[in-house]
S.K.: 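There's a structure below that I have some questions on.
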4 protein chains.
Amino acid sequence: MPEQSSHPRSLRAMDSVLGATTELLSEGGLPAATVDAISARSGVSKATIYKHWPCRTAIAAEAFGKQMAAAIPLPDKGDAASDLAEQVRRVSSFYAGPQGTIFAQLLAASVADPAASPYFREYFLDKRREAVAELWQRALDRGEVKPEISAETATDVLFGPLIFRLMTGHPPLTTEEADKISSAALGGLLAD
Amino acid sequence: MPEQSSHPRSLRAMDSVLGATTELLSEGGLPAATVDAISARSGVSKATIYKHWPCRTAIAAEAFGKQMAAAIPLPDKGDAASDLAEQVRRVSSFYAGPQGTIFAQLLAASVADPAASPYFREYFLDKRREAVAELWQRALDRGEVKPEISAETATDVLFGPLIFRLMTGHPPLTTEEADKISSAALGGLLAD
Amino acid sequence: MPEQSSHPRSLRAMDSVLGATTELLSEGGLPAATVDAISARSGVSKATIYKHWPCRTAIAAEAFGKQMAAAIPLPDKGDAASDLAEQVRRVSSFYAGPQGTIFAQLLAASVADPAASPYFREYFLDKRREAVAELWQRALDRGEVKPEISAETATDVLFGPLIFRLMTGHPPLTTEEADKISSAALGGLLAD
Amino acid sequence: MPEQSSHPRSLRAMDSVLGATTELLSEGGLPAATVDAISARSGVSKATIYKHWPCRTAIAAEAFGKQMAAAIPLPDKGDAASDLAEQVRRVSSFYAGPQGTIFAQLLAASVADPAASPYFREYFLDKRREAVAELWQRALDRGEVKPEISAETATDVLFGPLIFRLMTGHPPLTTEEADKISSAALGGLLAD
DNA sequence: ACTTAACCGAGACGGTACGTCGCGTCTTTCT
DNA sequence: AGAAAGACGCGACGTACCGTCTCGGTTAAGT
């Protein structure tokens, strides 16, 4: 019994890849997560890696996305409007922190490399849009937000400004700035 | 004196570089604008190119930025609030059009390649922030917008959502979507 | 009892491997006879294949060697000297034909891959050396060839020139050339 | 003046490649002369290497061929027949020595990789055929060899047997064996 | 007939080398 | 002098095939 072999071999290999990628990302950001480096550190061969992901960005998206999902649980307790605010606050503090840079690099890379887009969407965007859609519906039902605005639009308005600041990096996105931006954005969504 | 040499030789060479880059960008987006291709098409050697720009993204930013500046003149006629709205409308229709993709690629590249950030800022961000700041101040003076929001924040809130949609590409940023997003964002900025 | 199982399963599998290899060799030469291709076409798994042969060259040597043995029966009728000449003629026409290329590839591969040498020897060289040795001895007994030359040496002198031409490919080994070479080589062996 | 720059840069790089290849060949034969290893040892990048040679076999052929040419000067002194014999003797002792293995590997590789054939011919075959052709003509003029045999055929008959023994490796090609083979082959060429 | 152990097909895996691409630097040659 | 031309080092890419392995299902024997 050389290793705990509850998983079939391939699953262990893929876990190893994601673990190595997470390490490399935290050490040197996306540029450090080359396929060669991931292969060397994980002990998984490049050929095997390419059987499971189309490009390195996809690997990084999956590895980092799982981290982020764990770091930002969806708020589920309070009333709709404050859940929304709380969610924005959590995400913005994530962006403003050290992980924000990696997120920006990933988003950038998924633009440059369209093969990675589905991965980026799967691990960063879709769940968040769904979650916001649910909160938005609840808020709508209670008349707390403007009914002419769709959940899609609301998501863009809430997170877009933060991401814009993050990507351009100037002025830097601090926690305080993130708060100001979030409140302003929220202001356009709440019912009068 | 075979050519009008009001500019020294190098200036004409740099124009040639920017022209070639513009062509390449329109033909194949940022991936087509490799330094080798730019050099070959412009007839300017790579060494000379690298004397003026730190990396290829910087060239593309300058070439494309000048185009964009020409394509989106700053509105200066109406009252402040509608100038603001008009500006957002112009930018969003630029983003939603075929040039939007190239803009997204450029923004992405300037994240991946920090040496290009100053160029991207210079040709895309700073002027826009300045213009918005001026419009914002005028609107403030007339009490048309919320005074607790800074011009910086306003800029983020107005353009961030569009850029977010553009970068993630899902759902696609159409002209109609851009309008909905813009109105929602503007809604949070106007005075009650 | 769906198939005649006089052979155990593995023997039928090995026949299937050799058949598939023969097909692949004739379709694309040695480069086409990859282990994966052989496995796929024969329906025999790679693991099973590697239980019976040390490397792919060995498989190809066996498959092609059996073909060649069938294509070139040993002459056994005439007098010794003309049997020798006839044997050389048969071999050289085989070399000069389409199969010659594959033979050359196999010889080349068995140099590059020493594990295959015994197979190549078994299926191509040993029997031929034995046959020539017998013919040589008969010729010797009748005083038709130079007695100071061993059968080994005679074999080298008779077949070496053809193989040399075949391997280097320049000038190409045509049937006419093969005849000239064979006669010249034979000339050095016959008794004065 | 950092290095002796009598050559342009590329020539120095190519010399460096050939030198590194020669070392690697002598250390581990052709299998050791991978392009990566050549690149690492020579300090010349793979991209540059591939601008000058189509494949690794071509590099090895050139590197080893120059060595061999230096190791086997063409005899030019005695009468034609003994020059021929002397040439065969020199080549056969080269084949029988440690370098013979590498020669065999190279010939094998140039069969497997047709892109290398021209290089192999240029560095090993053409010059030798030319030299033998000259010796053969001289011998012909003096009536020392059979006039119905062409120089091409003579070359095949003289060197083919040695190469055949070398490639098959069984029985091994020793110096004594080489002598026996050479004499037998020569016997068929000399005039009665 | 029913188990049970050997065996096999299928194919994923680690490994090695491949040949290619684009960047940014550097040298050579020409104007 | 300064620029065009383009070769070069570098580092990463994605691919191919090798020979080994793990897994699950079938076969052919032993009970």
Side-chain angles (χ1 to χ4, degrees), chain A residues 2 5 7-14 16 31 33-40 42-56 113 115, chain B residues 8-10 12-13 31 33-40 42-51 53-57 113 115, chain C residues 1-2 5 8-10 12-13 16 31 33-40 42-51 53-57 113 115, chain D residues 2 5 7-14 16 31 33-40 42-56 113 115:
Chain A
S5 54
H7 294 324
R9 192 158 48 135
S10 67
L11 290 193
R12 270 177 285 133
M14 299 307 101
S16 179
T34 68
V35 179
D36 282 312
I38 293 171
S39 171
S42 67
V44 173
S45 78
K46 291 202 313 178
T48 302
I49 292 174
Y50 279 109
K51 275 182 189 155
H52 294 264
W53 291 278
C55 62
R56 77 191 186 111
D113 185 349
Chain B
R9 191 153 48 135
S10 64
R12 269 176 289 126
T34 67
V35 181
D36 285 302
I38 293 170
S39 170
S42 67
V44 175
S45 79
K46 287 168 59 175
T48 305
I49 292 174
Y50 277 107
K51 278 183 189 154
W53 290 278
C55 63
R56 78 184 185 114
T57 310
D113 185 350
Chain C
M1 202 181 296
S5 55
R9 195 158 40 136
S10 64
R12 270 177 287 128
S16 178
T34 67
V35 181
D36 285 302
I38 293 171
S39 171
S42 67
V44 174
S45 80
K46 286 167 62 174
T48 305
I49 292 174
Y50 277 109
K51 277 183 189 153
W53 290 277
C55 62
R56 78 184 185 115
T57 310
D113 186 350
Chain D
S5 54
H7 295 323
R9 189 157 51 135
S10 67
L11 289 193
R12 269 178 287 132
M14 299 307 101
S16 179
T34 68
V35 180
D36 282 311
I38 293 170
S39 171
S42 67
V44 174
S45 76
K46 291 200 314 177
T48 301
I49 291 174
Y50 278 108
K51 275 183 189 153
H52 293 265
W53 290 277
C55 62
R56 78 191 185 109
D113 186 350

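Naming convention: chains lettered A, B, ... in sequence-line order (proteins, then strands); numbering from 1 in each chain.
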S.K.: What's the CZ-P distance between D:R12 and E:dT27, to the nearest Å?
M.R.: 9 Å
S.K.: Minimum heavy-atom separation for D:A115 and D:P54, please, with both atom names.
M.R.: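 It is O-CG, 3.8 Å.
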S.K.: Figure out the CG/C1' separation between D:L11 and F:dA7, and round it to whole Å.
M.R.: 12 Å
S.K.: Nearest 0.5 angstrom please: D:R56 CZ to D:S39 OG, how far?
M.R.: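 Interatomic distance, D:R56 CZ to D:S39 OG, rounded to 0.5 Å: 14.0 Å.
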S.K.: Could you give the distance from CD1 (D:I38) to NZ (D:K46), rounded to the nearest 0.5 Å?
M.R.: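 It comes to 11.0 Å.
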S.K.: With respect to the phosphate group of E:dG14, does any side-chain polar atom (N or O) of A:T48 fall under 4.0 Å of OP1 or OP2?
M.R.: yes
S.K.: Enumerate the protein-to-nucleotides 13-17 of chain F contacts in which both atoms are nitrogen or oxygen and the separation is below 3.5 Å.
M.R.:
from: F:dC13; atom 1: OP1; to: A:V35; atom 2: N; distance (Å): 3.4
from: F:dC13; atom 1: OP2; to: A:V35; atom 2: N; distance (Å): 2.9
from: F:dC13; atom 1: OP2; to: A:D36; atom 2: N; distance (Å): 3.4
from: F:dG14; atom 1: OP2; to: A:Y50; atom 2: OH; distance (Å): 2.1
from: F:dG14; atom 1: O5'; to: A:Y50; atom 2: OH; distance (Å): 3.4
from: F:dG14; atom 1: N7; to: A:K46; atom 2: NZ; distance (Å): 3.0
from: F:dG14; atom 1: O6; to: A:K46; atom 2: NZ; distance (Å): 2.9

S.K.: Taking D:S16 for the side chain and D:S42 for the main chain, is one N or O donor matched with an acceptor at less than 3.5 Å?
M.R.: yes
S.K.: Hey, does the side chain of B:K51 come within less than 4.0 Å of F:dA3's phosphate (OP1/OP2), counting only N and O?
M.R.: yes
S.K.: On DNA chain F, check which nucleotide each of D:S42 and B:S45 is closest to and give me the residue with the more 5' one.
M.R.: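 By nearest-heavy-atom nucleotide position, the 5'-most residue is B:S45.
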S.K.: Kindly say if A:H52 contacts the phosphate of E:dC13, meaning a side-chain N or O under 4.0 Å from OP1 or OP2.
M.R.: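 So the side chain of A:H52 is within the cut-off, an N or O lying under 4.0 Å from OP1 or OP2 of E:dC13.
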S.K.: Considering residues at least two apart in sequence or located in another chain, which fulfil the side-chain contact (heavy atoms from CB on, under 4.5 Å) criterion with A:P31?
M.R.: A:Q105
S.K.: Run the side-chain hydrogen bond (donor to acceptor under 3.5 Å, both in side chains) test against C:T34 and tell me which residues pass, sequence neighbours left out.
M.R.: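 C:T34: no side-chain hydrogen bond (donor to acceptor under 3.5 Å, both in side chains) contacts found.
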S.K.: CD1 of D:I38 versus P of E:dA17: gap in Å, rounded?
M.R.: 12 Å
